Amino acid sequence: MADRRKLEAGMAVLTIFGALLLLPPLVYVFNQPISHLGVPQIVIYLFAVWLLLIIATALLTRALPREDSSAAEDD
Amino acid sequence: MLSADFVIATAVGYVCLLFVLAYFGDRRARANKKSFLHSPWVYTLSISVYCTSWTFYGAVGNAARSGLEFLTIYLGPTLVFVGWWFLLRRLVRISHNQRLTSVADLLSSRFGKSNRLAVLVTCIAVIGIAPYIALQLKAVTSSIQAVAGSSEFGQGSLAGIDDVGLAFGIAAGMALFTILFGTRHVDAKEQHHGVVAAIAFEAVVKLTALVAVGIFVVYVGGGFEAIFSRAAEMGVSTPTANSFDDRWLTTLALSVAAIVCLPRQFQVTVVENSDENHLRTAGWAFPAYMLLMSLFILPIAMFGLTSMPAGSNPDMFALTLPISQGQDALALFAFIGGFSSATSMIILESIALSIMVSNHIIMPLVLRYSAVGPSGDGQGVSRLLLVARRFSIVLILSLGFFYFFFTRDSNALAPIGLISFTAIAQFFPVVLAALFWRDASLKAATAAIAAGFVVWVWCSFLPSFESVSPQVSLLLREGPWGIGWLRPQALFGLEGLDPLTHAAVWSLTINVATLTIVSLFTTQSALERIQATLFVDVFRQGSAPQGNFVRGSATANDLFFVAERVLGERRAAAIFETAARESGVDPDMLEPSSEFIGKLERELAGSIGAASAHVMLSKVVSGSDVSLEEVMQMAEENQQVIEYSQQLEKTSAELRSTAQKLEDANAQLRELDSQKDEFLSQVSHEVRTPMTSIRSFSEILLDPGDIDEGQKQHFVSTIHQESLRLTKLLDEILDLSALERGERTWDNVPIDAEAALDRALRVCDGMLRQRGMRVELGERAPATMVEGDADRLCQVFINLVSNAVKYNDAEAPVLRVTSSVKSGNYVVDIADNGPGIPKAERKLIFEKFARGQHGAVEQSGAGLGLAISRQIVARMSGSLDLVPGPLPGACFRVRLDVMP
């Protein structure tokens with residue numbers, strides 16, 4: 001298992017790159033008047049990035065250590 | 001055909017169902033802490049209150065009008081949840097530690113428990129949310145009218161009632177409903193399990209409804225491809241080309257701020273969170289929920305644009321498309337879905353805002369103007385709080401209604417929501433500073449929020465009344481008193497920008513600039529510094545108890561009076577009893593320590609907010625001779641002394657360890673020295689014995705006396721034997737010292753260890769026969785390759801076997817040899833039934849010159865054999881040990897790595 005600091009760095013990279021992929025100028029790369037199966041390419045691109053972020057977060061989170069539940073509250 | 005009456009009846013029935021759900025959810029959650037209501041899934045679903053009727057209706061309209069922009073509202077929050085580890089986890093942890101009740105409480109608590117800041121934040125939130133509530137009222141009103149207008153008989157009892165009347169009825173109904181189920185009691189932690197359960201249920205309903213409409217539309221439209229290509233043919237292709245402009249960036253940034261700072265989102269995500277680990281699920285599940293919600297928005301919008309008559313309201317496509325296709329059941333379901341999304345937002349938002357209003361505005365006023373000190377009246381504060389909250393709910397919904405009333409002519413939903421987002425985004429820079437920047441000060445935070453809010457009112461809120469007020473529209477065109485650079489949508493001459501971007505850029509820029517610059521020029525109070533550390537270093541410390549009070553004249557009795565009023569008698573008594581038990585005294589004799597007062601303050605803060613709790617306890621805990629500032633100074637001086645002494649301690653510890661190391665090295669040297677001496681004396685001793693006999697025999701031979709030939713022969717052979725023994729001894733000593741110093745090297749090559757063992761046994765055969773020793777061959781390994789030197793290995797085996805022969809004094813001596821391969825190791829056991837080795841000597845036998853006591857007398861060896869053997873085996877990366885054996889005597893085990 002990768003150590004915790006690296007996982008944290010991974011989450012940071014995921015968040016930052018997720019943002020970069022959704023912002024100009026990187027979105028322009030896929031913003032072409034092309035359609036795949038009738039759906040504009042940019043729509044497919046945005047949903048794919050979205051799905052990728054969800055899956056990557058789920059995987060990274062699984063590797064991260066859980067918090068001690070008792071830290072929640074005492075009463 | 002759906003009629004308005006039927007639809008309204010369904011809505012009322014649905015609300016009743018929610019009420020029942022909330023009621024039983026509350027009881028269930030209270031009764032059972034492990035109930036599914038405490039699961040991460042319910043938590044995630046409750047966060048989905050973010051998807052309001054703005055999503056359900058407005059996103060379709062937004063997609064129809066401006067293409068992909070609607071996605072930013074969901075992509076921003078996705079980014080926040082993807083990075084939950086950095087922001088949300090921190091917020092939740094702080095909220096648990098500090099018992100936060102709202103975003104206003106968060107900021108007030110962080111900036112020195114300032115009530116002024118809390119009031120400011122509360123007021124801005126209430127005003128800023130009004131458009132958002134108006135949006136929900138508008139959406140529900142439009143949806144009922146869309147259903148009613150679809151048939152000539154549909155009006156039912158709505159005939160003659162205009163949209164204002166309808167919206168008023170909805171607002172009043174919502175207020176009643178929220179009061180009934182959000183303010184039944186004051187919870188110590190402001191958690192509303194019942195409401196959360198109902199919200200989670202609504203989340204499922206609205207998702208299912210929108211997905212159902214989406215699937216229906218895709219089915220009717222003939223699939224994604226057909227819908228998109230038909231739209232392209234009719235010239236309403238997705239206006240994507242210009243989607244990624246400054247507006248894209250602005251709405252994305254605003255939605256990032258909104259998901260954190262919106263009062264209802266803060267309530268569900270942070271305050272209602274019962275377990276930090278729930279964020280692990282929400283981190284990906286909430287983005288997934290939003291993705292599902294958005295999946296069909298674009299097809300619905302495209303299909304609506306191509307199939308509905310021109311001029312129909314695109315905001316209502318999710319409802320009007322099923323109606324136009326004659327699908328009444330689906331239309332009703334879509335209506336309930338939209339209704340769900342509106343009600344859940346209104347309920348939670350008004351609960352969250354009412355907590356802020358009652359805790360930060362009403363409670364402090366009551367505290368100031370009535371003596372709720374130890375000598376106050378007997379009325380419980382709980383009751384007052386409830387009344388305050390009910391009043392606030394009515395106020396909040398009224399504001400929403402008034403906003404709706406004034407702006408009812410504007411038609412799109414999404415722009416109204418974005419006005420609210422811009423207002424709420426003013427909290428975001430300060431929230432970030434509160435969590436990450438130690439030096440952010442109260443004055444800076446207050447100034448920043450106030451400045452951002454003023455710009456928002458001017459640039460965003462005011463222009464939204466353009467269509468109803470000629471004065472406002474004149475202002476927009478000409479500026480106040482004709483001053484052009486103050487025009488709300490072209491501030492400081494920044495023209496040509498989209499109004500939303502304009503408002504967001506100016507308000508947030510001025511906000512951030514004020515925050516940073518004022519922070520740099522102001523100093524924090526003592527309490528601010530304490531709180532800043534608690535917030536910024538939340539993951540660095542344990543749960544450090546904060547005692548912000550110095551114990552003054554307060555008695556447990558006084559404190560109990562206060563606690564009882566706010567928390568109720570049972571809870572207060574429980575807290576005091578626990579404290580008494582912990583300090584081991586009778587509850588009546590409890591001496592309130594500053595830790596205890598700190599704990600009590602946090603408990604009170606959970607009900608009435610940090611600032612109010614602080615003020616309340618300050619009233620009781622007064623008369624202290626030392627001020628907080630002085631204590632802080634004392635603490636700082638103490639800190640310096642402690643640091644200094646820690647440094648000293650560290651230095652002296654370093655010195656001690658150096659001295660210890662020197663001592664150890666010295667001891668080691670002395671040990672080596674004495675070992676050398678010992679070795680020399682032993683060698684001398686060993687050499688001396690044969691030398692003495694050689695000398696004496698040779699002297700006899702030299703003496704020209706009468707020695708017969710037989711005796712002469714005997715003496716000479718003795719001398720020969722002794723010199724052989726001497727040579728052997730010297731050879732062994734040389735061998736051992738060469739081995740030890742690593743001079744005698746050999747190449748470890750692959751050899752067959754079994755062959756070496758066989759050879760050793762053959763060599764020893766004569767010796768064994770001579771002693772009459774029976775050899776038992778046990779289990780034998782197959783031919784096994786190890787790395788080593790065959791002759792040396794053979795030497796080790798011979799040595800072990802000959803030892804077994806030499807020291808065995810049994811009547812029927814037995815030698816048992818087994819070899820095997822176990823998990824990569826080649827293991828040979830050589831055991832005998834001799835006397836064995838006494839416990840005391842087991843450690844010594846591998847040392848030089850250490851011979852076993854038994855049989856030592858008649859033995860000729862110098863006691864180097866085992867030492868040499870061990871060295872040899874070690875050179876082959878193996879080990880030679882004494883192990884408990886199968887026979888009564890000793891058992892030596894040789895272990896070598898098998899070659900892979």
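Just so we're clear, the structure is a prediction, and the values are computed from it rather than from any experiment. Just so you know, these numbers use all the heavy atoms, side chains as well, and skip hydrogens, waters and symmetry mates. Note on naming: letters A, B, ... go to the chains in the order of the sequence lines (proteins, then strands), and numbering restarts at 1 for each one.
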Which residue out of B:Ser229, B:Ala574, B:Ala288 racks up the most heavy-atom pairs below 4.5 Å with chain A?
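Of the options given, most contacts go to B:Ala288.
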Contact origin within [X] toward chain A - heavy atom pairs under 4.5 Å:
{"X": "B:Leu252", "value": "side chain"}
{"X": "B:Tyr74", "value": "both"}
{"X": "B:Thr281", "value": "neither"}
{"X": "B:Leu79", "value": "both"}
{"X": "B:Leu295", "value": "both"}

I need the [X] [atom1] to [Y] [atom2] distance, nearest 0.5 Å.
{"X": "A:Arg62", "Y": "B:Arg280", "atom1": "CZ", "atom2": "CZ", "result": "10.0 Å"}
{"X": "A:Ile54", "Y": "B:Leu291", "atom1": "CD1", "atom2": "CG", "result": "4.5 Å"}
{"X": "B:Trp248", "Y": "A:Leu22", "atom1": "CH2", "atom2": "CG", "result": "7.0 Å"}
{"X": "A:His36", "Y": "B:Phe228", "atom1": "NE2", "atom2": "CZ", "result": "13.0 Å"}
{"X": "A:Tyr45", "Y": "B:Leu68", "atom1": "OH", "atom2": "CG", "result": "12.5 Å"}

Which pairs with one or both residues in residues 46-59 of chain A pass side chain to side chain donor-acceptor pair (under 3.5 Å), sequence neighbours excluded?
A:Trp50-B:Thr78
Is there side-chain contact between B:Trp284 and A:Leu59, with heavy atoms separated by less than 4.5 Å?
no
Would you call B:Trp85 and A:Thr15 a side-chain contact if the rule is heavy atoms closer than 4.5 Å?
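B:Trp85 does not reach A:Thr15 side chain to side chain.
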At a 4.5 Å cut-off on heavy atoms, which part of A:Val27 comes close to chain B: side chain, backbone, both, or neither?
side chain
In terms of heavy-atom proximity below 4.5 Å to chain B, should A:Ala12 be classed as side chain, backbone, both, or neither?
both
Closest contact, heavy atoms only, A:Glu8 versus B:Phe86:
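Reported closest heavy-atom pair: O-CZ, 3.3 Å.
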Shortest non-hydrogen contact from A:Arg66 to B:Asn277?
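Of all heavy-atom pairs spanning A:Arg66 and B:Asn277, the closest is NH2-CB, 3.6 Å.
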Can you name the salt bridge (Lys or Arg N to Asp or Glu O under 4.0 Å) partners of B:Arg90, sequence neighbours left out?
none
Is it the case that more than 12 heavy atoms not belonging to A:Phe17 sit under 6.0 Å from its CZ atom?
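Atom CZ in A:Phe17 is not crowded, with 12 or fewer foreign heavy atoms closer than 6.0 Å.
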